[in-house]
Amino acid sequence: MQVVVCKDACEGAEIVTREILNALSRKPGLVLGLATGSTPIGVYERLVTAHREDGVDFSSVQTFNLDEYCELAAGHPQSYRTFMQKHLFSGINIAGENIHFPPNEGPALAEKCLQHEEEISQAGGIDIQLLGIGSNGHIGFNEPTSSLASRTRIKTLTEKTLRDNSRFYEDPAQQPQVASTLGIGTILDARSILLQAYGEKKAEAVKASVEGPISSFWPGSALQMHADTTFILDEDSAAQLEMIDYFRRSRAEGIRMREENTI
Ligand code: F6R
C-alpha cells in the first residue's frame, strides 16, 4: 500500500488524473472503475479539460461505476447516473454502450448483479478503480460488516451514511435506503486502486484503513490485501496517521529515485 500525503485536494486530483491519462495513453481501451460523491469531482473536471483542450480520446474507454441507488429512476437528480452524466460523461467522447452501472431495478436483481460481474470480466477486468471513502470506512456502498469477499449485490445503507448524504434530500422520505454496489471482492480484483480522501471528516476512516487491523468493520482496511493500492490524502485526512512522517519520506525517496532513473 502506498500513501501519498498531498498539500491539498487539488494536488491529489492532479496526481490521480495524471495516472489515468498515462494509463490511457498506453491502453486506449482502458477499463475504469468510477466513484461518485464530492471526492472525485476534481479528477472528472481535469479529464473533461484534457478531452476539450488536448483532444484526449475516450471513445474506446469502458467505465463501471461502483454503485447506484435502488428505487431512484435513472434521470432522478440524485441518481449516480445523473451525477456521472453531469460531471464526466457529458464532457468527454465516451460511447454510451461503454458506460456501466450495477443493476438497481428488479425483478431478479440478485441474478442481474451476478451477471454484472460477468460483464466486468468480459470487458477484461477493471484496470484502475477510483475510490472515495465514507466517514464510516465504506468503499462503494460496502458498509461496515460487509464481507471482505463480497461481490456485486444490494446493501442497506447505515444510519451514518444516510446522515452524511441527507443534505441532498429536502424531503427525507425521498432518500433511498438501499443501493446496489460492487463488492469488496470485486473491488480487490481491479489491477490498480486509487483511493482519494480529503478533509478532517475522513481522518478516522483513513487511520483505520491504513494502519488498523483488517476488519469488515472498516471496509477500507480490506485494501491492505491489494498489491497496488494508493491512498491519496490531504493533510487533514492524514492527520491521525502514526506513520505520516514515514509516508512523507517514502514519497520523497520515490520521487528522487524516479528522477535518478533508479526505479
Ligand atoms: C460513491 C461511493 C462512496 C463515496 C463515499 C465518499 O460512488 O462509492 O463510497 O466514495 O461515500 O463520498 P464523498 O466523496 O461525497 O465524501
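Below, all heavy atoms of this structure are taken into account, side chains as well, without hydrogens, waters or symmetry copies. When a ligand or atom number is given, it counts from 1 through the structure's own listing order.
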Residues 2-11, side-chain donor-acceptor partners within the protein, below 3.5 Å, at least two apart:
from	atom 1	to	atom 2	distance (Å)
D8	OD1	C10	N	3.2
D8	OD1	E11	N	2.9
E11	OE1	K7	N	2.7
E11	OE2	R251	NH1	3.4
E11	OE2	R251	NH2	2.9

Quiz: residues 167-180 side-chain donor-acceptor pairs under 3.5 angstrom, not counting sequence neighbours:
from	atom 1	to	atom 2	distance (Å)
R167	NH1	D164	O	2.3
D171	OD1	A173	N	2.9
Q175	NE2	L162	O	2.9
Q177	NE2	Q175	O	3.3
S180	OG	P103	O	2.8

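Ion pair K27/D127 flagged as a salt bridge, since at least one NZ, NE, NH1 or NH2 atom sits closer than 4.0 Å to an Asp/Glu carboxylate oxygen. Note on E253 versus R256: salt bridge recorded, some NZ/NE/NH1/NH2 to OD/OE distance being below 4.0 Å.
Residues Y69 and H76 place their aromatic rings such that the two centres sit no closer than 6.0 Å.
D189 pairs by the salt bridge (charged side-chain N to carboxylate O under 4.0 Å, His left out) definition with R151, not counting sequence neighbours.
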Hey, what polar pairs (N/O, under 3.5 Å) does ligand 1 make with protein?
from	atom 1	to	atom 2	distance (Å)
ligand 1	7 (O)	T36	N	2.9
ligand 1	7 (O)	T36	OG1	2.7
ligand 1	7 (O)	D67	OD1	2.7
ligand 1	7 (O)	D67	OD2	3.4
ligand 1	8 (O)	D67	OD2	2.9
ligand 1	9 (O)	H138	NE2	3.4
ligand 1	9 (O)	G140	N	3.4
ligand 1	9 (O)	G140	O	2.8
ligand 1	11 (O)	H138	NE2	2.7
ligand 1	14 (O)	S38	N	3.3
ligand 1	14 (O)	T39	N	2.9
ligand 1	14 (O)	T39	OG1	2.4
ligand 1	15 (O)	S38	N	2.9
ligand 1	15 (O)	S38	OG	3.1
ligand 1	16 (O)	K202	NZ	2.7

